[in-house]
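Computation of the quantities below employed the complete heavy-atom set of this structure, encompassing side-chain atoms and omitting hydrogens, waters and symmetry-equivalent molecules.
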Amino acid sequence: MGTQQMDRNLALELLRVTENAALAAAPLQGRGLKEEADQRAVDAMRSALASVDMRGTVVIGEGEKDEAPMLYFGEEVGNGLEPEVDVAVDPIDGTRLAANGQPGAMAVVALAERDSMFTTHVHYMEKLIVGRRARGVIDIEMPVEWNMRRIAKAEGLHPRDLVVVILDRERNEPIIRQVREVGARIRLISDGDVAGAIMAALETKTGMHALMGSGGATEGVIAACAVKALGGDMQGKLLLRDDDERRTAEGEGHAPGRILGIDDLCSGHNIFFAATGITTGELLRGVTYEEYYAYSHSMVIRSASGTLRHVEAFHDMGKLREKGLLPEQMVVASPALVR
């Protein structure tokens, strides 16, 4: 399918999708209701996707068809009109962050031409992500120090001046140790590695220069869509923890140990990405409320035009209640809740 069939800025249509998911989940932020928040985001995202002009297939989702009501692998979304696209969804990137009221949870959708996205049921992926200045200089097979020196040279910095985003997991402790041996700084994140990947790709805006370590494989593909659209670079490798995961990878046709470049993860040329904050983080502000309006902050990216837009919106609380995006019993007592 040629990119001429995707001339419409679908990213702005996807904005409504991520806004709805974020607005639906936000009333539960900080309430410890992880599954309930995720379910509200899924339902709102599915409903909004149904009206988008596309014939979409979910290739990065949350499970299999028999696990519905998750947005599952292979689910058809959109209203059935052209174009035909691959769709990657994460109704809440950082579900635990939303449940605990911690910074950085957001709703995410990406799409690109049909058959352009990598897909797998393997859970984890090793990742190395940089911004456009360090594009083409990384090699995930090489030692951490080797990569950091190359990244620093591309950035015009000393390796000690680099800031590396790493998911705070026990399996990443060797990389954390190696980064610190070089003398660089680390930004440990507890969850939400799609947001971490975008912050690394936006190095001149966020002050972060790379993401290293392993995280979710499906999140890795979503991240690749955003990173490619932003002009950054990424390499990944499936993390196979046991024989079952090795058999899963081989059954999908993925050779163990294969290095996945950014074009392997997303080969599309016309990529659309949208994200809306649920809880306030370094990338996006979260949903907040006042007496009559709910506030949302989103970003939308289109690779073909090289455009990144930040969108702030105020949503009428009465309309949100009518659409079921705000519980009827939720009462906002004071305008002071807005900021």
His315 vs Ser296, side chain to side chain donor-acceptor pair (under 3.5 Å): CA-CA, chis, key distance, verdict | CA-CA 8 Å; His315 310 265; Ser296 68; 2.7 Å; yes
Test log, rule side chain to side chain donor-acceptor pair (under 3.5 Å), inputs Glu312 and Tyr295 | CA-CA 7 Å; Glu312 299 184 52; Tyr295 166 88; 2.8 Å; yes
Take Asn147 and Asp139 through the side chain to side chain donor-acceptor pair (under 3.5 Å) test and state the conclusion after the steps.
-> CA-CA 7 Å; Asn147 276 297; Asp139 186 342; over 6 Å; no
Please step through side chain to side chain donor-acceptor pair (under 3.5 Å) for the pair Ser214 and Glu126, ending with a clear verdict.
-> CA-CA 4 Å; Ser214 64; Glu126 298 175 48; over 6 Å; no
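Put simply, the side chain of Asn20 does not reach to within 4.5 Å of the side chain of Ser47, judged on heavy atoms. For the pair Val311 and Leu15, the minimum side-chain heavy-atom distance is below 4.5 Å. Looking at Leu326 and Leu23, their side chains never come closer than 4.5 Å, going by heavy atoms from C-beta outward. When side chains are defined from C-beta on, Arg309 does not count as touching Arg302, because their heavy atoms never get closer than 4.5 Å. Contact check for Pro91 versus Asp38: side-chain heavy atoms found under the 4.5 Å cut-off. The side-chain heavy atoms of Met299 and Leu202, taken from C-beta on, include a pair separated by under 4.5 Å. In this structure, the side chains of Phe273 and Val108 come closer than 4.5 Å at one or more pairs of heavy atoms. Contact annotation: the side chain of Phe73 never approaches that of Thr57 to less than 4.5 Å [non-hydrogen atoms, C-beta and beyond].
None of Ile129, Leu157, Asp161, Val165 except one satisfies the side chain to side chain contact (heavy atoms under 4.5 Å, CB included) rule with His209; the exception is Leu157.
Counting non-hydrogen atoms of neighbouring residues, nucleotides and ligands closer than 6.0 angstrom, the CZ atom of Arg187 reaches no more than 12 such neighbours.
Atoms CD and CD1, from Gln39 and Ile92 in turn, are 10.0 Å apart once rounded to the nearest 0.5 Å. Atom CD of residue Glu181 and atom CD of residue Gln178 lie 6.5 Å apart, to the nearest 0.5 angstrom. A distance of 11.0 Å separates CH2 of Trp146 from CD of Glu141, quoted to the nearest 0.5 Å.
Salt-bridge check for Lys228 with Asp263: passed, with a basic side-chain N closer than 4.0 Å to an acidic carboxylate O. Ion pairing of Asp264 with Arg258 is present here, as a side-chain N (NZ or NE/NH1/NH2) and a carboxylate O approach within less than 4.0 Å. Between Arg55 and Glu82 there is a salt bridge, since at least one side-chain N of the basic residue sits less than 4.0 Å from a carboxylate O of the acidic one. A salt bridge links Arg149 with Glu145: the closest approach of a Lys/Arg side-chain nitrogen to an acidic carboxylate oxygen falls below 4.0 angstrom. A salt bridge is defined here as a Lys NZ or Arg NE, NH1 or NH2 lying under 4.0 Å from an Asp or Glu carboxylate O, and Arg46 with Glu75 meets this definition. A salt bridge is absent between Lys127 and Glu219; no separation between the charged side-chain nitrogens and carboxylate oxygens falls under 4.0 Å. Under 4.0 Å is where a charged nitrogen must lie from a carboxylate oxygen, and between Glu36 and Arg31 no such pair does. A salt bridge is absent between Arg40 and Asp43; no separation between the charged side-chain nitrogens and carboxylate oxygens falls under 4.0 Å. Between Asp191 and Arg169 there is a salt bridge, with a side-chain nitrogen of the basic residue lying less than 4.0 Å from a carboxylate oxygen of the acidic one.
Within the 3.5 Å criterion, the main-chain N or O of Ile271 finds a donor-acceptor partner in the side chain of Ser303. At least one donor-acceptor pair under 3.5 Å links the side chain of Glu113 to the backbone N or O of Asn270. Of the possible polar contacts, none joining the Glu250 side chain to the Arg247 backbone as a donor-acceptor pair under 3.5 Å is found. The backbone N or O of Arg241 sits less than 3.5 Å from a side-chain atom of Glu245, completing a donor-acceptor pair. Judged by distance alone, with hydrogens and angles left aside, the side-chain atoms of Asp233 form a donor-acceptor pair with the main-chain N or O of Gly136 at under 3.5 Å.
Relative to the ring axis of Tyr124, Arg171 places its NZ or CZ within 45° and under 6.0 Å from the centre.
Between Phe118 and His254, a ring centre-to-centre spacing shorter than 6.0 Å is recorded.
Residue Ile198 is not grouped with residue Leu97 when hydrophobic side chains (ILVMFWY) are merged at heavy-atom distances under 4.5 angstrom, including chains of intermediate members.
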